[in-house]
2 protein chains.
Amino acid sequence: MANIQEVARKAGVSSATVSRVLNNTTVVSSRTKMKVEKAIKELQYEPSMLGRNLRKSESRLLLVLIHSFSNPFFSKIINGIEDHSIANNYNILLCESDSDPQRENIFLNMVRNKLADGVISMNPAVDMEMMLDLAEKHSIIFCSEYYENDAIPYVTIDNEAAAYKAVKHLIKLGNEKIAFISYEESFVYAKQRRNGYERALREFGLPMREEWIYNAGGLDFQDGVQAVRKFLQCDERPTAVFAVSDTLAIGALKEVNVRGIKIPDEMAVVGFDNINFSNMTNPTLSTVSQPMYDMGYKAASMLIDSIQGKAVDSVIMDHELIIRESTLS
Amino acid sequence: MANIQEVARKAGVSSATVSRVLNNTTVVSSRTKMKVEKAIKELQYEPSMLGRNLRKSESRLLLVLIHSFSNPFFSKIINGIEDHSIANNYNILLCESDSDPQRENIFLNMVRNKLADGVISMNPAVDMEMMLDLAEKHSIIFCSEYYENDAIPYVTIDNEAAAYKAVKHLIKLGNEKIAFISYEESFVYAKQRRNGYERALREFGLPMREEWIYNAGGLDFQDGVQAVRKFLQCDERPTAVFAVSDTLAIGALKEVNVRGIKIPDEMAVVGFDNINFSNMTNPTLSTVSQPMYDMGYKAASMLIDSIQGKAVDSVIMDHELIIRESTLS
DNA sequence: GTCTGATATGTAATCGTTTACATATCAGAT
DNA sequence: ATCTGATATGTAAACGATTACATATCAGAC
């Protein structure tokens, strides 16, 4: 593979001039420019990013940490991240750290090792201390899940308000026994959603029972199925379920269907995230929609700003309650 | 940020020795080793991949091309790719080229520019000529979708046989009017699945009608919905549907449900891919399962072999027909 | 004919590693 | 005391770009 020196030799100029042609950085006379371009074509020269990256000491790669590919919630966010990154000549290194906790370390080493210029973390299970430490020398943005002080900028929604709105909607429909499918309340988003759930119940003077709260072991459909099985064993069977995630809600829907319980009359269900599927279930699922694409786009924009040394502020985006058949009589 | 020279100076050795300690490449006396490790710790030194990559002229990055994140079919494959890559000190650069055809060029430039050491393409819409050209100088593996000569190694399943098996299953259930939801028959996998469909019909002497074949405009749920609407307008209404993708089949299921048509008695449905969600629909979806994780794992293994100059052979993996409620009376 | 400033190009250092080759050191054999 | 071979370390040249600085060229003004 030809390098810049060979191109220079062939064109009868110096490598500096070739570089100038390549980057359009200074004026090069049109005659030399043509000579250089001819040489490039003849040698099928392609500039090496390795050389350029070393010299500029940047990789133009952004690390994106997610918990798991299998949750479709992330795909739209990633679309947003990717679009903005590519438009700014960055590329993304998508890393799933779910399966193996020590894998996270491998990934974060990439930014320490200059293989990535910055990080967008969407993984709520991330080691916060490590992130805080890393943030002192590198650019980090949280997306969706974040750390509850302003040490690291984030883009998210008001989870508490969204959950409150969802539960209030269930209450307005006449439900008084409302169950909650939670997940890992050490995660900020889960805790906030629970707070919203509790606030709504309190505000309307409704009972709050431990047995109506199921702490799922994961975010898979199957975990939602389990939750409903548990609820159906309660002495006082709940008449509505709010889940912190659509995947859980869809599993719940499934199990309610299987048991022949009528939705929403005997059991109303609301999820969270508005993933694609939520519109394809039977019945369709009411849910809270986050502006996923925009969140990703904004996070990427914030990260690139931060890499370039600009100050960035956290953002809280709008959410929306989407009412579908699972709460529509 | 400290570099290797500073570490060397601090430890009172040469940078070569530091490098040797770092890479465990030659024997270093335990006393020097300790000195070096102490210096590394004190300076909080982290070796720069940029320097290393340039020197070794490799990036240790694998480019993975997919059509779209939104099809969950890919997520398991990517898991397999990632696991094998990371175990071999590679990382993956996941690229979605759906939205923008010229984006593909940006991605493929990464391998020309040495930013990626090889490519796994799962994008059936990829520009084949460009890939063939690229394959002359770089390592490329196709996964799932491939090019029908052996110029570029691939890992896939026998799509024709799988489709045949699925349709035969519908026939055995007593269906004689079987519709087919296809998608872009310029894609090898779609064409092969159609061949399997047609072979089954022919073999059992069943009619094959143009109006029972719907060519979807995309792979979204909504496209499956459209397909069923079309089928229901036929003079002779089909009693079964085979779709080239679970996403299409799930859309079909949805629309059939909405119309109040009984599944599977009045309309049986079979999909393809066994995505997670296919088990959560109501009723659950019969489908063809591909060994997605293994396919990804194998593709990564083949690519790394190829990068290291080994010869690799294409692989055809096993598939399995999974029978669920949508074809179970 | 000299000077000035603008324009175009070349020179060489630099980014941070790895590694071929050279050299130093030392134990054990003679 | 010298030699040998093994072991440990150092020297310096890559890898392939970018860029500060120096220099060459030239048109126009005097």
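Each chain gets a letter, A, B and so on, in the order the sequences are listed, and its residues count up from 1.
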Worksheet entry | Pair A:K10 + A:E6, salt bridge at N-O below 4.0 Å | no

Worksheet item: Which part of the nucleic acid does B:N23 contact within heavy-atom distance under 4.0 Å: base, sugar-phosphate only, or nothing?
Response: sugar-phosphate

Worksheet item: Is there side-chain contact between B:I66 and B:N123, with heavy atoms separated by less than 4.5 Å?
Response: no

Worksheet entry | Contact residues, residues 25-34 of chain A to DNA chain D [heavy atom, < 4.0 Å] | none

Practice prompt. Starting at atom CD of B:E58, determine the distance to atom C1' of C:dT18, rounded to an integer number of angstrom.
Written response: 11 Å

Worksheet item: Under a 4.0 Å N-O cut-off, is there an ion pair linking B:E82 with A:R103?
Response: yes

Worksheet item: Quick one: B:N24 CG to D:dA8 P, roughly how many Å, whole number?
Response: 13 Å

Worksheet item: Reckon A:V18 touches a base, only the sugar-phosphate, or nothing at all at heavy-atom distances under 4.0 Å?
Response: nothing

Worksheet item: What about the rings of B:Y146 and B:Y154, do their centers lie closer together than 6.0 Å?
Response: yes

Worksheet item: Rounded to the nearest Å, what distance is computed from the CZ atom of residue B:R20 to the P atom of nucleotide C:dT19?
Response: 11 Å

Item to complete: Round to a whole Å and report the spacing from CZ of A:R9 to P of C:dG10.
Response: 14 Å

I'd like a table of atom pairs between the protein and nucleotides 12-16 of chain D - only N or O on both sides, under 3.5 Å - with the distance next to each one.
{"from": "D:dA14", "atom 1": "N3", "to": "B:R55", "atom 2": "NH1", "distance (Å)": "3.2"}
{"from": "D:dC15", "atom 1": "O2", "to": "B:R55", "atom 2": "N", "distance (Å)": "3.4"}
{"from": "D:dG16", "atom 1": "N2", "to": "A:G51", "atom 2": "O", "distance (Å)": "3.2"}

Worksheet item: Could you state the CG-C1' distance from B:N53 to C:dG16, rounded to the nearest angstrom?
Response: 11 Å

Fill in: Interatomic distance where NZ belongs to B:K35 and C1' belongs to D:dT9 [whole Å]
10 Å

Worksheet entry | Exercise: do A:D83 and A:Y293 side chains pair donor with acceptor under 3.5 Å | yes

Worksheet item: At under 4.0 Å, does any side-chain N or O of A:T17 touch on OP1 or OP2 of C:dG10?
Response: yes

Worksheet entry | Side-chain ion pair, A:K41 and A:E37, N-O less than 4.0 Å | no

Worksheet item: Would a 4.5 Å heavy-atom cut-off, applied to side chains only, mark B:I77 and B:Q290 as touching?
Response: no

Discussion item. Check this for me, if you would: do A:K191 and A:E148 make a salt bridge, where the nitrogen-to-carboxylate-oxygen distance has to be below 4.0 angstrom?
Written reply: yes

Worksheet item: If we ignore angles and hydrogens, is there a donor and acceptor under 3.5 Å between the side chains of B:S59 and B:D117?
Response: yes

